[in-house]
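Letters A, B, ... are given to chains in the order of the sequence lines, protein chains preceding strands, and every chain is numbered from 1.
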Amino acid sequence: MGKLTSCLVNAQGYGSRMGGRDESETLGAEAVPLSRQAMAGRAPPSYLDGLNEAQREAVEQLTGPVLMLAGAGTGKTRALTTRIAHLLQTGHARPDEILAVTFTNKAAREMKNRVGGLLGTMVEGMPWIGTFHSICVKILRRHAGLITDKAGTRHLKTNFTILDTDDQLRLLKQLIQAAHIDERRWPARMLARLIEGWKNRALNPDKVPASEANAYSDNGPGLYEAYQERLVTLNACDFGDLLLHVIHIFQHHRDVRANYQDWFRFILVDEYQDTNVAQYLWLRRLAQGHRNICCVGDDDQSIYGWRGAEVGNILRFEKDFPGAKVVRLEQNYRSTPHILEAANGIIVHNRERLGKSLQSVSDTGHKVQLIGHWDAEEEARWVGERIEDHHAGRSPEARNRYNPRLQDFRQEQERRTKAGLGPINQQEFIRQSFESDQVSRDLKTRNLVTELQKNEPEELDMRAAPRACEVQKFSLDEIAILVRAGHQMRAFEDRFLAIGLPYRVIGGPRFYERMEIRDAMAYFRAAVSPDDGLAFERIVNTPKRGLGDKTRQIIHIAARENGVSLLEGARILVAEGDLAPKVRTALRDLCEGFARWHGLIRADDLAHKEIAAQILEESGYTDYWQEMAARKDIKAAGRLENLKELIDALEQFENLQGFLEHVSLIMDNDTEDAAEKVSIMTLHAAKGLEFPVIFLPGWEDGLFPSQQSMDERGMGGVEEERRLAYVGITRAEECCTISFAARRRIYGQWQSTLPSRFIDELPAEHVEMLTPPALDRGGFGTASSANTLAGSDLAGNASRADVYNSPGWRRLQARLGPHGPRRPYEAESVIIDSEAVSSPGPGDRVFHQKFGYGTVIAIEGDKLEVAFEKAGIKKVLAGFVTSP
DNA sequence: GTTCCAACATTTTTT
DNA sequence: ATGTTGGAAC
């Protein structure tokens with residue numbers, strides 16, 4: 001493999017500029033398994049089997065611009081990867097002539113794997129499948145010299161570093177300070193966001209529109225420019241630069257541009273609706289060569305507008321690429337019809353869309369379920385119980401119509417009849433049966449009441465046999481809760497912890513981004529390579545050793561004066577420097593520690609796992625967190641856990657060094673945990689995933705759609721939120737449950753909330769309204785069990801009912817029609833479990849489902865004597881009456 | 001150099 | 001409510 005080849009294949013490779021076409025023939029082709037000749041004239045390849053018509057069309061239209069509009073669950077990835085396989089098999093391109101761009105490493109990895117799978121062989125030498133950024137890095141490494149500062153004196157070197165957000169922010173802070181700007185009023189984060197926004201739109205400092213020039217302390221563009229200058233000096237790029245620099249090179253260096261345009265015969269883009277202006281320009285430039293560009297996306301799933309994604313790109317595709325072929329994939333293989341219709345029903349309210357409607361391949365399934373709750377805690381409690389049902393194979397749907405207790409009762413009656421015994425009381429039997437069950441009392445009560453009140457055994461019999469899907473057991477892995485905002489997760493975590501339901505949070509801070517992990521890694525880095533000053537600097541004073549800012553500066557000076565690393569500088573300082581005794585001791589201990597650890601690593605007679613543990617132990621780092629844990633730091637226990645996990649992860653590597661390399665290159669957090677767990681994640685994080693059972697809590701105006709989104713982007717914001725709703729629903733394969741709460745605590749303040757406007761948009765015929773567990777106790781009880789007490793003891797009944805006077809609720813009722821939900825105090829179910837209920841007393845006016853209104857005369861245990869207005873004096877169970 | 005307190009903001013997130 | 005951050009007090 002030639003030098004040039006290696007630089008193209010290897011992302012880290014540095015090399016000379018790509019030469020002409022001839023010179024590039026070796027490019028990326030260390031192992032080209034399929035030559036064009038070999039592929040010609042074969043029988044129709046088997047990988048095309050099983051594709052539907054639209055998919056096949058998208059795969060076989062190999063040349064020219066193609067827009068594949070692929071709705072959720074329509075086999076988009078399959079079509080895309082098959083297309084690549086087809087390009088290769090038919091000899092249209094060699095593996096290294098195909099450019100396939102994704103947004104995430106995960107997607108790129110999956111694409112590679114699946115292409116390999118289709119062709120039956122591992123396809124080596126597909127160097128141009130990757131993320132926008134990784135591909136840009138690859139290109140930029142080879143042309144870095146073409147990027148210069150304004151004066152043209154300094155230029156980027158091929159080994160430039162890529163700044164992470166932390167570094168970037170630190171750099172901006174320095175610049176802000178240098179410009180004597182009050183950082184309180186003008187936070188660095190704000191500037192970072194602005195600059196990112198400009199870069200997303202491919203705007204250089206001099207191109208920033210005048211209207212935005214004052215967006216940051218009168219001088220955003222100036223600071224932006226200073227920042228860019230500084231980056232070149234530091235031989236560094238931020239993420240946005242990776243694209244912008246390449247665009248710049250394409251613009252100003254015809255030869256380079258022509259080279260790449262020529263080279264990439266076929267371009268494929270995944271998630272095209274998520275591209276921003278810069279990515280669009282980049283793609284358009286490259287596609288100008290062969291015009292073989294295939295963009296795959298779904299305008300209805302564009303949910304990243306807030307970070308610069310332009311739905312316009314996909315909406316404009318046919319104009320940008322005249323003669324483009326547009327293929328719509330609408331055959332959905334994921335969800336049942338009700339779910340799809342619910343999703344379709346919501347998304348049709350968007351104006352800006354190309355228009356598509358998903359068709360299910362199945363013809364059975366549940367309706368989307370909708371339920372309101374009192375607050376977030378109750379919502380979490382309810383979801384937790386539902387999940388337990390799903391997990392146990394006890395379908396809640398089945399339970400609403402079919403109560404196994406009644407069957408048991410009939411069996412028992414039969415048995416007694418046969419045995420010649422007298423009949424037993426149905427209510428007593430069922431109640432006893434419930435008492436001995438493991439089901440939570442709250443649920444027992446609810447079911448008991450429902451069944452007893454229906455009092456229509458025949459009808460129940462008809463529905464007694466549950467459909468197959470209703471008793472299906474779901475693994476916890478098949479269940480996910482998708483929330484709009486991170487803070488919603490807490491209620492669920494709290495509840496699941498309480499009931500011992502295993503869960504995992506997807507997204508959130510990545511494992512290797514957590515403070516304790518970064519600290520530990522810094523220790524390892526500094527121990528492995530004593531030259532790593534950045535790592536050393538991070539942990540000199542972690543845990544606290546009395547080595548603060550001042551000492552750090554002294555170490556810096558000592559190191560610079562002696563021309564050595566920070567650690568070595570510290571050593572010199574300990575030996576000869578002018579230090580306070582305490583400082584000297586602390587620093588000496590640390591230096592000796594590192595010397596010892598470094599020795600251990602080199603000696604290599606201890607397992608690296610042991611060494612790592614020892615480092616964290618002797619440095620006092622684990623002690624530090626243990627002490628924090630003792631001092632009731634809630635997070636400390638988790639941090640210790642993480643550290644343990646880190647040490648455990650070491651086992652899979654040869655040595656510490658290998659581990660560190662892996663982490664810095666991959667930084668992946670896909671620690672697939674074997675244990676069965678429910679997933680909790682944001683709607684954004686759920687894009688591209690699917691689950692049999694989905695819960696969508698928090699559908700309230702202001703939260704979802706988010707107030708901020710609406711304020712900032714107006715109608716466009718609502719439409720993006722609506723797409724988010726669409727994404728959420730279409731994640732579900734079989735069961736989709738939407739819920740909302742009547743009030744929610746936001747920033748510590750209780751706020752009444754209205755059901756989301758998206759709930760109004762759900763097509764009524766595909767939605768089943770469930771009775772809220774707590775809201776249906778409109779009667780005397782403020783709370784009926786310990787379960788409910790916890791969250792809602794502050795809640796008065798009057799305020800509860802207020803939700804049901806809200807416009808949102810009214811609209812909903814009107815739309816759901818006479819069979820829709822009832823106001824809670826009209827609902828028939830009530831509480832029979834008297835001990836926790838505050839029962840009505842004599843003189844109270846009550847309502848009974850059968851007997852109507854009446855007044856309580858007397859109480860006998862759980863029975864009431866009531867004078868009914870129409871039915872006369874009757875004795876009834878307290879549970880059967882409600883307050884009117 | 002460390003600790004404590006007050007002010008502050010607080011959707012979504014990949015590279 | 002909760003977490004972070006920067007500055008002042010110790």
[X] has an atom [atom1]; how far is it from atom [atom2] of [N], in whole Å?
X        : N      : atom1 : atom2 : value
A:Leu169 : C:dT4  : CG    : C1'   : 13 Å
A:Trp282 : B:dT15 : CH2   : C1'   : 13 Å
A:Ile176 : C:dT5  : CD1   : C1'   : 15 Å
A:Asp375 : C:dA1  : CG    : C1'   : 15 Å
A:His133 : B:dT13 : NE2   : C1'   : 12 Å
A:Ile506 : B:dT12 : CD1   : C1'   : 16 Å
A:Asn200 : B:dT15 : CG    : C1'   : 11 Å
A:Met190 : B:dC8  : CE    : P     : 15 Å

Checklist entry - Do A:His143 and A:Tyr260 have ring centres separated by under 6.0 Å? => result yes
Item to check | Aromatic contact, A:Trp306 with A:Tyr304 (centres under 6.0 Å) | outcome: yes
Item to check | Heavy-atom donor-acceptor pair, A:Asp375 side chain to A:Glu378 backbone, under 3.5 Å | outcome: yes
Checklist entry - Just by distance, do the side chain of A:Asn541 and the backbone of A:Lys544 share a donor-acceptor pair under 3.5 Å? => result no
Below 3.5 Å between N/O atoms, which protein atoms pair up with nucleotides 9-11 of chain B? Just atom names and distances, please.
residue, atom, partner, partner atom, Å
B:dT11, OP1, A:Gln708, OE1, 3.0
B:dT11, OP1, A:Tyr747, OH, 3.3
B:dT11, O2, A:Arg484, NH1, 2.8
B:dT11, O2, A:Arg484, NH2, 2.7
B:dT11, O4, A:Glu712, OE1, 3.3

Checklist entry - Counting just side-chain N and O atoms, does A:Arg490 come under 4.0 Å of either OP1 or OP2 of C:dT2? => result yes
Checklist entry - Below 4.0 angstrom from OP1 or OP2 of C:dG6, is there any side-chain N or O of A:Lys173? => result yes
Next on the checklist: Using the side chain to side chain donor-acceptor pair (under 3.5 Å) criterion, which residues pair with A:Asp299? Sequence neighbours excluded.
Outcome noted: none
Pick out the pairs of N or O atoms, protein on one side and nucleotides 1-6 of chain B on the other, that lie under 3.5 Å.
residue, atom, partner, partner atom, Å
B:dG1, OP1, A:Gly548, N, 3.1
B:dG1, OP1, A:Thr551, N, 3.0
B:dG1, OP1, A:Thr551, OG1, 2.5
B:dG1, OP2, A:Lys550, N, 3.2
B:dT2, OP1, A:Gly546, N, 2.6
B:dT2, OP2, A:Asn541, ND2, 3.1

Item to check | Pairing residues for A:Arg490 by the side chain to side chain contact (heavy atoms under 4.5 Å, CB included) criterion, not counting sequence neighbours | outcome: A:Asp494
Next on the checklist: Test of understanding: with side chain to side chain contact (heavy atoms under 4.5 Å, CB included), list the residues that count as partners of A:Gln707, not counting sequence neighbours.
Outcome noted: A:Met710, A:Asp711
Item to check | For A:Arg552, all residues meeting salt bridge (Lys or Arg N to Asp or Glu O under 4.0 Å), sequence neighbours excluded | outcome: A:Glu537, A:Asp549
Next on the checklist: We want to know whether A:Arg284 and A:Tyr280 form a side-chain donor-acceptor pair, criterion being a heavy-atom distance below 3.5 angstrom.
Outcome noted: yes
